[in-house]
Amino acid sequence: MIKNKFILISGAAGFLGRNLCYLFSKYDYNLICLDNNNLKLKILKNKLKNKKNKKYYFSVDITDEKNVIKIYEKLRKNNCIIDIIINNAANNLPVKKTKSPKLMNIDSWKRDLDVGLLGAYILTKTFSESMRANKSGSIINIGSDLSILSPNHEIYKSRHKSYLKPISYSVIKHGLSGMNKYFATLYAKDKIISNMISPGPIDYKIPSYLRKKLISNTPMKKLCSIEEVFKAILFFCDTNNRHITGQNIIIDGGKSLI
Ligand SMILES: NC(=O)c1ccc[n+]([C@@H]2O[C@H](COP(=O)([O-])OP(=O)(O)OC[C@H]3O[C@@H](n4cnc5c(N)ncnc54)[C@H](O)[C@@H]3O)[C@@H](O)[C@H]2O)c1
């Protein structure tokens, strides 16, 4: 039964994370919620307070290995063993207007890669230990259609002529795809699967000029929904007899095919 298992999710208080937490809670799945935004984590805790599933909340920077290990030890003492890791956190900074398109500065590159790649590595390395001992587990990496494609620079810059999708985003998602395959083969003998779920843009608060352009470039003429992402994640939460590992499931309505 997946429901008795514990699902750890990083970036739990962000847009996708909190929506996944609502859906997991609705269906009584147990959760470990990690985020470095204490305020947003408190809001999540408050929203989920009447749900019956077991929940633990940790305000932590996932790039800080010592603190991640402390959480792992604390959970172990409480007999709470993680069965599923969802690497979801991202350092998404608000878009700044500039006069001309600008490649990002080195500090931003480093911080983005630290959260998206190093953070995912630290969580996987730490929490897969008990999965290996149990000979069962699932690692789910949240990618994006930009894990296999380049951003279409023309589409992104149409309103703010100077906007460039940060290069770090492409580098992280392509890197995560490599990490996904690495852990899939490394831990296959331990009956741990590792897969990537790669949504196209999720239909929420996308500026209308961009939404229109994205939809017109999508064969199914709609954007990705949270429920669609949730269903794909649930599939990989069930590790029973799974023979699918190292895969990258693209949820983009066919956009990457044309
Ligand atoms: N929103 C979309 O349309 C979309 C589409 C495809 C893929 N994705 C992917 O989904 C994931 C979540 O995206 P989102 O839109 O919810 O972003 P978001 O910015 O709303 O959420 C990211 C969360 O990660 C947290 N975080 C950042 N740095 C952290 C750190 N060092 N330690 C712990 N937590 C940290 C933030 O506080 C935030 O709550 C990302 O990996 C993103 O690439 C999103």
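Keep in mind that what you see is a predicted model, and the values were worked out from it rather than measured.
- With contacts defined as side-chain heavy-atom distances shorter than 4.5 Å, the pair Tyr72/Leu8 does not qualify.
- Between Phe230 and Tyr27, the ring planes lie parallel to each other; the angle is under 30°, not in the 30° to 60° tilted range.
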- Item | side chain to side chain contact (heavy atoms under 4.5 Å, CB included) assessment of Tyr29 paired with Asn53 | CA-CA 6 Å; Tyr29 295 102; Asn53 56 334; 5.6 Å; no

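- Side-chain atoms of Asn195 come within 3.5 Å of backbone N or O of Gln247 as a donor-acceptor pair.
- Taking every heavy atom of both residues into account, Ala120 and Thr124 meet most closely at O-OG1, 2.7 Å.
- When all heavy atoms of Ser130 and Ile82 are compared, the closest pair comes out as OG-O, 4.0 Å.
- Linking Ile, Leu, Val, Met, Phe, Trp and Tyr whenever their side-chain heavy atoms come within less than 4.5 Å leaves Ile140 and Tyr182 in two separate clusters.
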- Message: Assess the residue pair Leu214 and Lys255 against the criterion (side chain to side chain contact (heavy atoms under 4.5 Å, CB included)); give the C-alpha distance rounded to whole Å, side-chain angles, the decisive distance to 0.1 Å, and a yes or no.
- Response: CA-CA 9 Å; Leu214 289 168; Lys255 180 171 156 287; 4.3 Å; yes

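- Interatomic distance, Leu93 CG to Arg111 CZ, rounded to the nearest 0.5 Å: 9.5 Å.
- At distances below 3.5 Å, at least one donor-acceptor pair connects side-chain atoms of Thr185 with backbone N or O atoms of Lys181.
- A heavy-atom distance below 4.5 Å is found between the side chains of Tyr57 and Leu48.
- Taking both residues in full, the closest heavy atoms of Pro219 and Gly253 are given as CD-O, 3.4 Å, listed atom of the first, atom of the second, then distance.
- Side chain to side chain, Asn180 and Ser194 meet the donor-acceptor criterion of an N or O pair below 3.5 Å.
- To the nearest 0.5 Å, atom CG of residue Leu20 and atom CG of residue Asn88 are 6.5 Å apart.
- Met131 places none of its side-chain heavy atoms less than 4.5 Å from the side chain of Asp190.
- Side-chain atoms of Tyr204 and Asn19, non-hydrogen and from C-beta on, never get closer than 4.5 Å to each other.
- You'll find the side chain of Arg18 stays beyond 4.5 Å of the side chain of Lys47, heavy atoms only.
- Among all heavy-atom pairs drawn from Phe6 and Asp83, the shortest one is N-OD2, 2.8 Å.
- With hydrogens and angles disregarded, a donor-acceptor distance shorter than 3.5 Å links the side chain of Lys173 to the backbone of Ile142.
- Grouping the Ile, Leu, Val, Met, Phe, Trp and Tyr side chains by contacts below 4.5 angstrom, directly or via other members, places Leu31 apart from Leu34.
- Put simply, the side chain of Asn30 gets close to the backbone of Lys54: a donor and an acceptor are under 3.5 Å apart.
- Judged by distance alone, with hydrogens and angles left aside, the side-chain atoms of His174 form a donor-acceptor pair with the main-chain N or O of Leu146 at under 3.5 Å.
- Using modelled atom types, no side-chain atom of Lys191 and backbone atom of Ala188 make a donor-acceptor pair closer than 3.5 Å.
- The shortest heavy-atom contact between Ile32 and Cys80 is CD1-SG, 3.7 Å.
- Open room surrounds NZ on Lys77; 12 or fewer heavy atoms of other groups in view lie less than 6.0 Å from it.
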- Worked check of side chain to side chain contact (heavy atoms under 4.5 Å, CB included) between Tyr22 and Ile226: CA-CA 11 Å; Tyr22 300 153; Ile226 291 161; over 6 Å; no

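- Inter-residue side-chain proximity for Val171 and Trp109 is flagged as met; some heavy-atom pair is nearer than 4.5 Å.
- Put simply, Met196 and Ile148 are part of two different groups of oily side chains (I, L, V, M, F, W, Y) that touch within less than 4.5 Å, one to the next.
- By the 6.0 Å and 45° rule, Lys231 does not stack over the aromatic ring of Phe235.
- No donor-acceptor distance shorter than 3.5 angstrom exists from the side chain of Glu129 to the backbone of Phe127, with no hydrogens or angles considered.
- In terms of heavy-atom proximity, Leu44 sits nearest to Cys21 at CD1-CB, 4.0 Å.
- A distance of 9.0 Å separates OH of Tyr163 from CG of Leu210, quoted to the nearest 0.5 Å.
- Residues Lys5 and Thr239 form a side-chain contact, since some pair of their non-hydrogen atoms from C-beta on lies under 4.5 Å apart.
- Here the CG-OG1 distance, from Asp114 to Thr63, works out to 5.5 Å after rounding to the nearest 0.5 Å.
- Expressed to the nearest 0.5 Å, how far CD1 of Ile193 lies from OG of Ser138 amounts to 4.0 Å.
- In this structure, the separation between OG on Ser25 and CD1 on Ile7 is 9.0 Å, given to the nearest 0.5 Å.
- Shown here is Ile202, whose CD1 atom has more than 12 heavy atoms of other residues, nucleotides or ligands within 6.0 Å.
- Under the 3.5 Å distance criterion, with hydrogens and angles disregarded, no donor-acceptor pair is assigned to the side chains of Asp61 and Asn36.
- At distances below 3.5 Å, at least one donor-acceptor pair connects side-chain atoms of Asp35 with backbone N or O atoms of Asn37.
- Of the N and O atoms on the side chains of Asp145 and Ser256, not one donor lies less than 3.5 Å from an acceptor on the other residue.
- Residues Phe15 and Ile197 are members of one and the same hydrophobic cluster, defined by side-chain heavy-atom contacts under 4.5 angstrom among Ile, Leu, Val, Met, Phe, Trp and Tyr.
- With a 4.5 Å cut-off on side-chain heavy atoms, Ile122 and Ile62 do not count as touching.
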- Begin from the C-alpha positions of Ile81 and Arg76 and carry the test side chain to side chain contact (heavy atoms under 4.5 Å, CB included) through to its verdict. CA-CA 6 Å; Ile81 304 294; Arg76 251 179 25 151; 3.8 Å; yes

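- Grouping the Ile, Leu, Val, Met, Phe, Trp and Tyr side chains by contacts below 4.5 angstrom, directly or via other members, places Val115 apart from Ile9.
- Between the side chain of Ser144 and the main chain of Ser198, no donor-acceptor pair closer than 3.5 Å is present.
- For Thr126 (side chain) and Leu123 (main-chain N/O), no donor-acceptor pair under 3.5 Å exists by modelled atom type.
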